[in-house]
Amino acid sequence: MKRLGIVVLGLLLCFQGQAQKICAHRGFWLCDEAVKSQNSLASLRLAQENGFWGSEFDVHLTADEIVVVNHDSDFYGIPIQTSKYQDLLAFNLPNGEKIPTLFEYLEQGKKSSCMLVLEVKTQASVSSTIRLVQRCIQALRLYDLLDPSRVMFISFSFEACEWIAKNLPDFGNQYLEGNKDPETVHASGINGIDYHYSVFKKHPDWVSRAHALGMSVNAWTVDSKADMEYVKGLGVDVITTNKPLVLKEVLGL
Ligand code: MG
């Protein structure tokens with residue numbers, strides 16, 4: 001009986017390991033001199049070509065309500081939220097691309113089944129953050145990508161996650177900040193957590209507690225083999241990394 005238990009546990013662990021997914025952080029961009037631009041169309045294309053489960057990217061809203069893909073709230077010092085899209089064309093990404101609009105990103109996103117992990121960046125106010133979410137939804141609908149199998153949402157804005165939970169309850173929706181336990185997040189209707197791996201080192205039981213509530217669990221941004229092994233052992237569903245090929249090796253994929 002004890003042996004049977006060990007076998008079952010082994011199978012469960014094995015299944016869990018196989019189920020873990022790779023999410024390329026801001027696309028796959030640390031791989032090639034020609035690509036070395038995070039959040040570029042080239043980085044998304046390479047994530048798609050390498051067959052990773054998902055590719056993460058960040059969005060902001062310009063003053064003239066164009067959604068652009070960029071991590072920081074400024075582009076070469078130009079504040080995105082108070083500038084017009086045209087103003088952002090004064091500079092290019094290191095690989096020569098202009099700052100991608102969400103439309104351009106989705107055009108590329110349509111070309112494979114790679115999950116689009118859309119990070120809604122916190123804007124100057126809650127209302128402008130929600131406005132950004134609404135603009136994203138319009139764009140996704142336009143590109144026929146408003147589909148839970150094609151896109152999921154992540155955000156440091158708890159309000160944005162709450163809004164998404166209410167309005168798009170069928171979509172993956174993970175809170176990023178790491179300052180709330182799974183029960184608190186779940187009570188707001190949000191169906192996932194995506195926390196820095198150091199949060200899980202402090203609270204390793206949050207993974208199983210989230211799973212017990214039916215929530216999805218993602219860990220960011222895990223770049224060392226040791227940390228990859230750690231979060232793999234915890235059984236998180238998705239691991240976000242700047243080094244997806246290293247992770248692939250760690251996961252034995
Ligand atoms: Mg991000």
Side-chain angles (χ1 to χ4, degrees), residues 21-31 35-48 52-62 67-76 79-81 88 93-94 97 99-102 104-106 108-109 114-124 128-130 132-133 135-137 139-140 145 150-161 163-164 171-180 185 190 192-200 216-223 227-228 231 236-244 247:
K21 299 177 178 81
I22 298 174
C23 179
H25 185 232
R26 305 177 196 168
F28 187 24
W29 57 278
L30 274 177
C31 47
V35 174
K36 276 192 179 162
S37 293
Q38 50 183 255
N39 280 321
S40 62
L41 296 174
S43 71
L44 171 59
R45 180 176 48 75
L46 270 194
Q48 294 170 319
F52 304 134
W53 168 83
S55 189
E56 186 263 1
F57 61 104
D58 309 285
V59 294
H60 288 274
L61 193 61
T62 64
V67 183
V68 290
V69 179
N70 196 60
H71 179 266
D72 294 344
S73 58
D74 71 280
F75 188 63
Y76 291 92
I80 295 175
Q81 290 173 63
L88 305 177
L93 294 172
E97 285 182 32
I99 186 170
T101 63
L102 180 59
E104 290 161 343
Y105 219 75
L106 297 182
Q108 179 61 39
C114 181
M115 176 67 86
L116 299 167
V117 181
L118 190 160
E119 180 177 345
V120 177
K121 282 294 185 189
T122 304
Q123 305 295 287
S128 53
T129 305
I130 301 304
L132 168 59
V133 178
R135 281 291 186 188
C136 290
I137 292 171
L140 288 162
L145 286 167
R150 297 296 288 111
V151 66
M152 63 173 290
F153 301 91
I154 59 175
S155 188
F156 282 94
S157 163
F158 198 69
E159 292 86 354
C161 291
W163 191 94
I164 291 163
F171 285 71
N173 175 22
Q174 295 173 331
Y175 177 54
L176 286 166
E177 184 66 46
N179 60 348
K180 296 183 196 298
V185 177
I190 299 161
I193 51 174
D194 181 1
Y195 288 169
H196 190 258
Y197 63 88
S198 62
V199 173
F200 294 124
S216 63
V217 182
N218 185 345
W220 60 271
T221 299
V222 192
D223 287 348
D227 292 326
M228 287 172 183
V231 293
V236 301
D237 306 300
V238 177
I239 301 171
T240 298
T241 180
N242 287 309
K243 298 185 175 172
L247 179 58

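Start at 1 and go down the list; that is how both ligands and their atoms are numbered. In this chain, residues are counted from 1 in sequence order.
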Pair His71-Asn39, side-chain donor/acceptor within less than 3.5 Å = no
Can you see which heavy atom on Cys136 is nearest to which on Val59, and at what distance?
-> SG-CG2, 3.8 Å
Metal environment of the Mg ion (ligand 1), protein N/O/S under 2.8 Å = Glu56 OE2, Asp58 OD1, Glu119 OE1
Any chance the side chains of Gln81 and His60 put a donor and an acceptor closer than 3.5 Å?
-> no
May I ask you to check whether Asp194 and Thr240 show a side-chain donor-acceptor distance below 3.5 Å?
-> no
Does Phe156 have Lys121 sitting over its ring (NZ/CZ under 6.0 Å from centre, angle to axis within 45°)?
-> no
Between the side chains of Asn70 and Asp58, is a donor N or O closer than 3.5 angstrom to an acceptor N or O?
-> no
